[in-house]
Structures are given as C-alpha cells and as structure tokens.
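These numbers come from a predicted model, not from an experiment. Note that the numbering runs from 1 along the sequence shown for the chain.
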Amino acid sequence: MQKITLVLALTMVSVSALAKPQMVTLDLPSMNCAMCPITVKKALTQVEGVTKADVSYEHKQAVVTFEDTKTNTDKLVEATANAGYPSTIMKVETP
C-alpha cells in the first residue's frame, strides 16, 4: 500500500512539474477610462490557471502569467472580449 501511495505522489509531482508558466502581453485598445483595468483584471484572474494579471490603462495593455496546462492565450483573449474589451496578443514568452 505504501508503494502505491508513493507512486501516486510521485506521479502528481511529475505532472505538475510539466506545467510551464507562460507570460502573454495583450493589447487592449478599447480601454478608455481609469476603471477599465479593474474590469479587465477581474475577468483575467477568473480564468483558471491565471496566476497574475497586471493591467495598465496608460499603456492599454495587460501582462498575464498563467499555467499552460490549465489555460491558453485564446481563453485569455476570450475573457477580455466577454468583459467588453477585445484584445490581441502582442507577445508570448516563458518567464
């Protein structure tokens, strides 16, 4: 029984080790007020797998860090569009 528990624990650790954090910069040209970033950040942080979202009204951009095994850039773009702020991908990188 201990061997089975150990194998299961190692499997779970190895699967989570495969998750690579990704960082994407989204262009949000339709943000036109100081309250817009709050709405965009809320929409992005509600996407499963998002670990961080920094939204800048000044630059009209969002920099989002996420786990690539739980979400993807299409879901992030969809989240901003559903919140009323269509976005496009500017840059994707591994932090």
Side-chain angles (χ1 to χ4, degrees):
M1 185 67 175
Q2 289 178 343
K3 288 182 182 180
I4 293 173
T5 304
L6 178 61
V7 168
L8 287 174
L10 289 174
T11 302
M12 291 176 64
V13 169
S14 64
V15 168
S16 64
L18 297 175
K20 293 182 182 176
Q22 297 288 315
M23 188 182 311
V24 62
T25 302
L26 301 174
D27 183 42
L28 293 147
S30 64
M31 287 199 306
N32 56 14
C33 73
M35 296 301 290
C36 296
I38 295 168
T39 304
V40 172
K41 182 172 184 164
K42 183 176 180 181
L44 289 168
T45 56
Q46 289 179 345
V47 176
E48 182 182 0
V50 171
T51 56
K52 185 178 180 184
D54 292 319
V55 185
S56 168
Y57 171 67
E58 180 182 346
H59 296 107
K60 298 190 184 310
Q61 294 178 351
V63 178
V64 186
T65 305
F66 64 95
E67 295 180 33
D68 67 351
T69 58
K70 293 185 178 180
T71 195
N72 58 49
T73 56
D74 291 338
K75 290 180 183 175
L76 301 176
V77 169
E78 180 181 1
T80 63
N82 289 343
Y85 301 94
S87 62
T88 55
I89 298 168
M90 295 180 66
K91 178 172 53 170
V92 179
E93 58 187 280
T94 304

Inset, instruction - Walk me through it: do Lys91 and Val24 pass the test side-chain contact (heavy atoms from CB on, under 4.5 Å)? - result: CA-CA 6 Å; Lys91 178 172 53 170; Val24 62; over 6 Å; no
Inset, instruction - Would you sort out whether Leu26 and Thr88 count as a side-chain contact (heavy atoms from CB on, under 4.5 Å), showing the intermediate values? - result: CA-CA 6 Å; Leu26 301 174; Thr88 55; over 6 Å; no
Inset, instruction - Kindly indicate, with the supporting measurements, whether the criterion side-chain contact (heavy atoms from CB on, under 4.5 Å) is fulfilled by Phe66 and Leu76. - result: CA-CA 9 Å; Phe66 64 95; Leu76 301 176; 3.7 Å; yes
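Each of Leu28, Asp27, Thr25 was checked for a side chain to side chain contact (heavy atoms under 4.5 Å, CB included) with Ser87, and the lone residue meeting it is Leu28.
Under the 4.5 Å side-chain heavy-atom criterion for Ile, Leu, Val, Met, Phe, Trp and Tyr, Val40 and Ile89 are members of the same hydrophobic cluster. A continuous path of Ile, Leu, Val, Met, Phe, Trp and Tyr side chains, each step under 4.5 Å between heavy atoms, connects Val55 with Val92, placing both in one hydrophobic cluster. The hydrophobic clustering, which links ILVMFWY residues whose side-chain heavy atoms are closer than 4.5 Å, places Val77 and Val63 apart.
For the atom pair CD (Gln22) and OG1 (Thr69), the distance works out to 10.0 Å, reported to the nearest 0.5 Å. We find the CG-NZ distance between Asn82 and Lys75 to be 13.0 Å, quoted to the nearest 0.5 Å.
Scanning both residues, Thr94 and Pro21, for their nearest heavy atoms gives CG2-O, 3.6 Å. Scanning all heavy atoms of the two residues, the minimum distance from Val47 to Ala79 falls at CG2-CB, 3.6 Å. Of all non-hydrogen atoms in Gln61 and Met90, the two that sit nearest each other are NE2-CE, 3.2 Å. Here the closest heavy-atom approach between residue Lys20 and residue Asp68 is recorded as N-OD1, 3.0 Å. Closest approach of Pro86 to Pro29, counting heavy atoms only: O-CD, 4.0 Å.
In this structure, the side chain of Lys70 does not engage the main chain of Glu48 through any donor-acceptor pair within 3.5 Å. Between the side chain of Thr80 and the backbone N or O of Tyr85 there is at least one donor-acceptor pair closer than 3.5 Å.
No more than 12 heavy-atom neighbours from other residues, nucleotides or ligands sit within 6.0 angstrom of CD on Glu58.
Remark: Asp54 pairs with Lys52 by the salt bridge (charged side-chain N to carboxylate O under 4.0 Å, His left out) rule, at least two apart or across chains.
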